[in-house]
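To keep things clear, I will list the structure first and then write my remarks on it.
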Amino acid sequence: MSHSPVFNVSPETLSRTRVNASQYAQMYARSLSNPEAFWAEQAQELLEWRAPFHKTLDWNFHTADVRWFEGGKLNVSENCLDRHLATRGDKIALIWEGNEPGDTRSITYRELHRAVCETTTLLRSLGVKKGDRVAIYLPMIIEAAVCMLACTRIGAVHTVVFAGFSAEALRDRINDCGCSLLITANEGLRGSKTIPLKATADVAVEECPSIRNVLVVQRTDAPCDMRPDRDMWYHQALAGLSGADDSTPEPMDSEDPMFILYTSGSTGKPKGVLHTTAGYLLYATHTFRYVFDLQEDDVHFCTADIGWITGHSYVLYGPLSNGATSLMFESVPTYPDAGRYWDIVERHKATIVYTAPTAIRALAKEGDEYVTRYCRDSIRLLGTVGEPINPDAWLWYHSVVGEGRCPIVDTWWQTETGGVMISPLPGAIPTKPGSATRPLFGVQPLIVDEQGKELLGNGVTGRLCIRFPWPGMMRTVYGDHERFRQTYFSTFPGLYFTGDGCRRDEDGYYWITGRVDDVLNVAGHRLGTAEVESAIVRSGAVAEAAVVGVPHDVKGQGIAAFCVLHADFSPTNDTRTKILATVREVISAIATPDHIWFVAGLPKTRSGKIMRRILRKIGEGEYSAVGDVSTLAEPGVVAEIVQLVETSRATKK
Ligand code: WTA
């Protein structure tokens, strides 16, 4: 068994912390023995309610029905803004760091409240009502936060689409949930690139019959086409309100939908993960406070884009609901060079840095000088999310970025869970590099074998499930409750199945080993193998494709595509380019395969099922571990593929 180093909590951290080891143990025990009382208390303490709830929890994991805080009424934007005005009106809510270093803007709670009220009035004037769906396709700019909050003020359901997604991806998301409004920008800036957001949105909206209006934020001076009957500039529309105010927050039921966020699953098209008002907000608020051991003077720098759940929960809702200062970063970690994050930390005196292992690995490669050049004295806590972190990257983050004095919270969670589920609490739980350590309050993880039998005790490896609801869990797949039930509650009846493999070590610490289903995690981005395969086939050149994840030293996982070409295409660079371009067009550049291997046939069982296990082993370079292939329809293809991959790798080196 491995003996991982254990990093104990330093006295310096302890002196600042709210929860120590014995308090954690006590609180955790209580959150399990009486979850309803625990969460009812948290809900009353952490949120402001318009009307109290009368039933804390109602649930059934067989039918996939979960309801929290029924009867309660509240409004998200009121919780994130209005309630802080008396005590924190002049506190900075958001610090924005633009694409160019030093291009910054800060906005206080009072100013943000005003901006949200104005946008609420504008959206209402465009006919947006409670329950309507609004698509947001914006870069990381303050307007994105304002528009999301304005939706919650009205009770409109936002669906934020990452600004790196293609026109097709945007179109499909808008159509899946029937958005009436799209908010975008003329252009986005990411490093030395400009992203033609409005032009992409125009292509998408061509085929979106539900869209009535497109609001366009002017991010740069670049012109863009405007269709007079549909499109309007955001700043002009706001100016046109001439002081009108229609910004009263809508009192929402606890279980009213709050937002939809699309994420990839193991089959078919991305699914619309639906989160509801009270449970999501409470969970984002609670986990933000405890995981990051929130202090009043914190400057929280979460590097995630608001197009992902991490941006929703820990750039926006968690911090603002707690009245904290949150930093939004528009650009990429390597622009203009690999020191950018630490430059930002120094200039804005960030106290918490929360980023992804892929960014840590990419920056570590560039050398320590990019880090040590800047003062990081302000940092007191480091966090990671999105994929397993390898101990080397963890140790670099700890010793170089954190100078050995900052605890690291390795936070395991998912779009579906709404907030962090397994993570150390700084000050309470000693850490081990690579382990997310222990469950948070109210989280009841268990590990099962492939048949669903619970593996008791420590030192076990299997599949990670959760046996009891938590407030932040998704409530359904938008428009398809049966898919929700099937995906998460049917593999192991009565349990929520995460899709992740997991080990519980001798000390009861959890180590997430990665997905056990057909979901890839490329640089922290989730992609379904089926999604990438169907994009590849759309190129017209490929008759059949099988996609697997392969180890990648920066991205964690890279994409390898085994492609059988149509007879009239040959395995040339042109064909390759055509395939890559199609994938970018259908999904996004994040789905671009790292390897395309043209093969004569795929390994299949006699019933025609592709044996991905074999392809995965080949992709990992473990050619001898492919196992018994004699039961395949055509066992010969395996040796051919191995030879092709070996040759292709040898010539690349
Ligand atoms: C993986 C991101 C190991 C995991 C918040 C999960 C992690 C998927 C960790 C969800 C972690 C996330 N350690 N693996 N700390 N955090 N994952 O929906 O496989 O984009 O199922 O949510 O990322 O990705 P998603």
Side-chain angles (χ1 to χ4, degrees), residues 160 162 164-165 259-266 270-275 280 283-284 287-288 291 302-318 354-361 382-391 393-394 397 408-424 431-440 443 445 463-466 472-474 477 487-488 491 496-504 509-529 531 549 555-557 588 590-591:
V160 181
F162 173 59
F165 273 121
F259 67 86
I260 300 166
L261 192 56
Y262 285 85
T263 192
S264 297
S266 50
K271 47 185 175 263
V273 169
L274 183 96
H275 282 286
Y280 170 80
Y283 203 65
T287 51
F288 180 70
V291 171
C302 167
T303 67
D305 192 282
I306 41 122
W308 313 115
I309 191 70
T310 308
H312 281 57
S313 300
Y314 302 115
V315 174
L316 199 59
Y317 293 115
Y354 189 34
T355 193
T358 189
I360 296 169
R361 288 189 294 263
L382 300 170
T384 75
V385 58
E387 46 177 324
I389 181 163
N390 46 312
W394 195 103
Y397 199 34
I408 294 182
V409 289
D410 173 354
T411 64
W412 173 83
W413 58 295
Q414 311 178 296
T415 305
E416 294 87 338
T417 69
V420 178
M421 300 288 279
I422 302 181
S423 164
T431 48
K432 299 184 193 182
S435 170
T437 76
R438 291 184 177 279
L440 294 187
V443 174
R463 280 140 205 248
L464 181 65
C465 295
I466 315 282
M473 69 186 292
M474 72 183 283
V477 169
T487 310
Y488 303 98
T491 317
Y496 169 87
F497 175 43
T498 62
D500 279 320
C502 183
R503 178 164 73 89
R504 188 167 51 227
Y509 274 38
Y510 290 83
W511 299 72
I512 310 297
T513 52
R515 303 288 305 198
V516 293
D517 54 8
D518 290 323
V519 170
L520 306 171
N521 191 329
V522 179
H525 300 310
R526 258 171 85 163
L527 293 162
T529 50
E531 200 184 344
K555 298 198 274 188
Q557 236 177 5
S588 155
I590 58 184

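Atoms within each ligand, like the ligands themselves, are counted from 1 in listed order.
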Margin query: Please check this pair: side chain of Tyr283 against backbone of Thr417, looking for a donor-acceptor N/O pair closer than 3.5 Å.
Written below: no
Next item on the list: Indicate yes or no for a side-chain donor-acceptor contact from Ser313 to the backbone of Gly318 under 3.5 Å, with no hydrogens or angles considered.
Entry: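 Looks like no, no N/O pair under 3.5 Å.
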Nearest protein heavy-atom contact for [atom]: which residue, which atom, what distance?
| atom | answer |
| --- | --- |
| atom 4 (C) of ligand 1 | Asp500 OD2, 3.1 Å |
| atom 13 (N) of ligand 1 | Glu387 O, 3.3 Å |
| atom 18 (O) of ligand 1 | Thr415 OG1, 2.5 Å |
| atom 10 (C) of ligand 1 | Trp413 O, 3.6 Å |
| atom 3 (C) of ligand 1 | Pro388 N, 3.1 Å |

Taking non-hydrogen atoms only, is [X] closer than 4.0 angstrom to ligand 1 via side chain, backbone, both or neither?
| X | result |
| --- | --- |
| Thr310 | side chain |
| Arg526 | side chain |
| Asn521 | side chain |

Next item on the list: Name all residues meeting the side-chain contact (heavy atoms from CB on, under 4.5 Å) criterion together with Arg438; count only those two or more places apart in sequence or in a different chain, and write none if there are none.
Entry: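 For Arg438 the side-chain contact (heavy atoms from CB on, under 4.5 Å) partners, ignoring immediate neighbours, are Tyr24, Ile429, Tyr509.
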Can you list the ligand 1 atoms lying under 4.0 Å from a non-hydrogen atom of [X]?
| X | answer |
| --- | --- |
| Ile512 | 3 (C), 14 (N) |
| Val385 | 5 (C) |
| Thr411 | 9 (C), 11 (C), 15 (N), 16 (N) |
| Asp410 | 11 (C), 13 (N), 15 (N) |

Notebook entry, point to check: Where does the angle between the aromatic ring planes of Trp308 and His525 fall among parallel (under 30°), tilted (30 to 60°) and perpendicular (over 60°)?
Noted result: tilted
Next item on the list: Look at the aromatic rings of Phe259 and His312 and report parallel, tilted or perpendicular, splitting at 30° and 60°.
Entry: tilted
Notebook entry, point to check: Any chance the rings of Tyr488 and Tyr496 have centres within less than 6.0 Å?
Noted result: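 Judged by ring-centre distance (under 6.0 Å), Tyr488 and Tyr496 do meet the cut-off.
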Check: Judged by modelled atom types alone, do Arg526 and Ser264 share a side-chain donor-acceptor pair under 3.5 Å?
Finding: no
Notebook entry, point to check: Between Glu531 and Lys271, does at least one N-O distance fall below 4.0 Å, as a salt bridge requires?
Noted result: no
Margin query: For ligand 1, which is the ligand I care about here, please tell me if Thr263 has any N or O atom under 3.5 Å from one of the ligand's N or O atoms.
Written below: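 Among all N and O atoms of Thr263, none is under 3.5 Å from an N or O of ligand 1.
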Notebook entry, point to check: If hydrogens are left out, which of Gly386, Gly556, Gly524, Gly434 has an atom nearest to atom 23 (O) of ligand 1, that is, the closest non-hydrogen atom?
Noted result: Gly386
Check: Run the salt bridge (charged side-chain N to carboxylate O under 4.0 Å, His left out) check on Glu387 and Arg361 step by step: do they pass?
Finding: CA-CA 12 Å; Glu387 46 177 324; Arg361 288 189 294 263; 2.8 Å; yes
